Amino acid sequence: MHEFTEETAALARAIEAYAHARIAEPQPLDRTMSAAELTKLAGETITPGGIGGHEALRIWAEILAPATISTDHPANLAFVPAAPTKAAVLFDLVVGASSTIGAAWIDGAGGIWAENQALRWIADLAGLPDTAGGTFVSGGSAGNLAGLVAARTRSAAARPRPPDGWAVVTSVGAHASIEAAARLLDVELITVPGDALGRLRGDALRARLAELGPDVDRVVAVVATAGTTNAGLVDDLEGVGALCRERGLWFHVDAAYGGAALAAPSVRDRFRGIELADSLIVDPHKWLFAPYDCCALVYRDALAVARSGAFKQEASYLDSAAELERDEIGPWDLAYHLSRRIRGLPFWFSLATYGTDAYRDAVETVLELTRRAADEVRSRPELELVLEPELSVLLFRRRGWEPQDFESWWRRLLDEQVAFVQPTTWLGEKVARLCFVNPRTTLDHVRGILDTMR
Ligand SMILES: *Cc1c(COP(=O)(O)O)cnc(C)c1O
C-alpha cells in the first residue's frame, strides 16, 4: 500500500489517462442524483479486502463523476461557477502528489513564500500597504469568519465586552456567511438599509451609527460587499471606508466573488475605497481561475493580527514553531486552522505561468461578455433586464412567467444538458440570474439559454 509496485504503476497510468482527459478534453456538464440512486448504482465501495483501484476508478468515472456537476462547464452559470486555468489544475496535481503542510513557516516555508507572492498581487491590486499579508483559507465563508474574529480580538483588547455583547454592522446585500459568522461568534448583526439597489452607502451608515448612540461601542466591524453574490453590486467602499477610518472601526471587505474585477481597468473605479480595508477576502476559486478550495484572506496589518493572538492555539509542542517575523508569519496565526494543504499554490503557479496581464484580459473578456449578454436580453421582447450589470451577474425577468415556470425551466435545462442555471429573488420577485466567470462562455451559449425562454 505504501510501495510503488508494478500494480501501482498500472494504476498510475490509468489515473494519468483519466486526469489528462478531464483536463484536455471538453467535459460534460453532468447532473445531480439522489443518495438512494447512487447507492443502488455504485453499491458498497468500502470492504475489508478493498475493491481495487481500477474498480474504484471505474465507479468514479462511470457513476459518481456523472452525478457531480462540472463547475467549469462554459454553460454553468449557476450560483458562482468556476473556471480554473490549465496550469492551475495541472499544478493541483503536483500539490496533491507532494506531502507538504502549510501550517507554520518552519515546515511550509517554500510553499508559503509562493502563496505570499500571490497574496501580494491581490494586496497591490487593492492598494493595501506593505504591512498587508494573509493566508489562503478554504473559502469566503471561512475568510469572512476570520476577518471578524480578528476585528473582535482588536476590540476586546481595547475595552471590556459591553453588557449587551459585541456587534457587526453590514447591509442587506451581504452574503449569508456574514450572518452565519456573526451567529458563530455570538455577536449581534446590525443591518443598515441599502440604497434603491440595496447597496451600503457611507451616509446611511453614518445615520445608523448615530441611531445606535452609545451602543456604537459594541461595534467591532463594518462589513461591505464588493460584488454581491446575488446581483454583482459593489457597496460604496469609499464612503463606508472613510467613515470607518474616522470612527476607528474595523473595515472588512467581502470581495469573495467581485474582487477579481480589481484586475480589470474598465471597472476598477467601482472599487475606490477598498484600499481602506482592514481585512479583505477574494476567492480565486470563483473568478480568478484557481481550483477549489481557495480564498485569499488579506489583512492590512498581518503582523498585528498574528500578534493579537486571535487564532492562537496553545500547546507546548507548538511553541517552538511560533514564527512572527513579518515575512514569515505562520498561516495558523492568521486564521482558524492548523494543518492545511498549501492551497494557494495552484493559483500562484498559474499567475507565474501566464502573468498578470493574462488575468486582466480574462476578467475583461468576462465583463465584455456580460455587457453583450445584457444587450441580447434587451433585444428580446419577452425578456426584461432587471438592472444594468455592474460586474458579471445578469438579472432579468421573463414576462408572464410564474415562479414555478423558472423552477421547471432550470430543471429542464439541466436534464437536457443545455446549461446549469438558477433563478433568484430580486426585491421579492423571482427572476432569472446568470453569473459569468468563465472566459470560455460565449454569446452563443447565452443565446442558446435565452432561446429556451421563448
Ligand atoms: C461566494 C461568496 C462567499 C462565500 O464563499 P465560499 O467560498 O463559497 O465560502 C462570501 N461572500 C460572497 C460575496 C460570495 O460571493
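Order of listing sets the numbers, starting from 1, for every ligand and every atom in it. None of these values were measured; they are calculated from a predicted model.
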field: Any donor-acceptor N/O pair, Asn76 side chain to Ser70 backbone, under 3.5 Å
entry: yes
- request: Would you mind checking if Arg360 and Asp357 are paired as a salt bridge, meaning a charged N to carboxylate O distance below 4.0 Å?
  value: yes
4.5 Å side-chain heavy-atom contact, Leu288 and Trp121: yes
field: Any pair counted as side-chain hydrogen bond (donor to acceptor under 3.5 Å, both in side chains), so long as it reaches residues 186-196, sequence neighbours left out
entry: Glu188-Arg218, Asp195-Arg199
query: Quick one: are the ring centres of Trp287 and Tyr257 less than 6.0 Å apart?
result: yes
Filter the ligand 1-protein atom pairs down to N or O on both sides and distance under 3.5 Å, then list them.
unit_1, atom_1, unit_2, atom_2, d
ligand 1, 5 (O), Gly140, N, 3.2
ligand 1, 5 (O), Asp283, OD2, 3.3
ligand 1, 7 (O), Gly140, N, 2.7
ligand 1, 7 (O), Asp283, OD2, 2.6
ligand 1, 7 (O), His285, NE2, 3.0
ligand 1, 9 (O), Gly140, N, 3.1
ligand 1, 9 (O), Ser141, N, 2.8
ligand 1, 9 (O), Ser141, OG, 2.7
ligand 1, 11 (N), Asp254, OD1, 3.1
ligand 1, 11 (N), Asp254, OD2, 2.6
ligand 1, 15 (O), Thr229, OG1, 2.8
ligand 1, 15 (O), Lys286, NZ, 2.9

query: In terms of side-chain geometry, is the basic nitrogen of Arg120 or Asp124 positioned less than 4.0 Å from the acidic oxygen of its partner?
result: yes
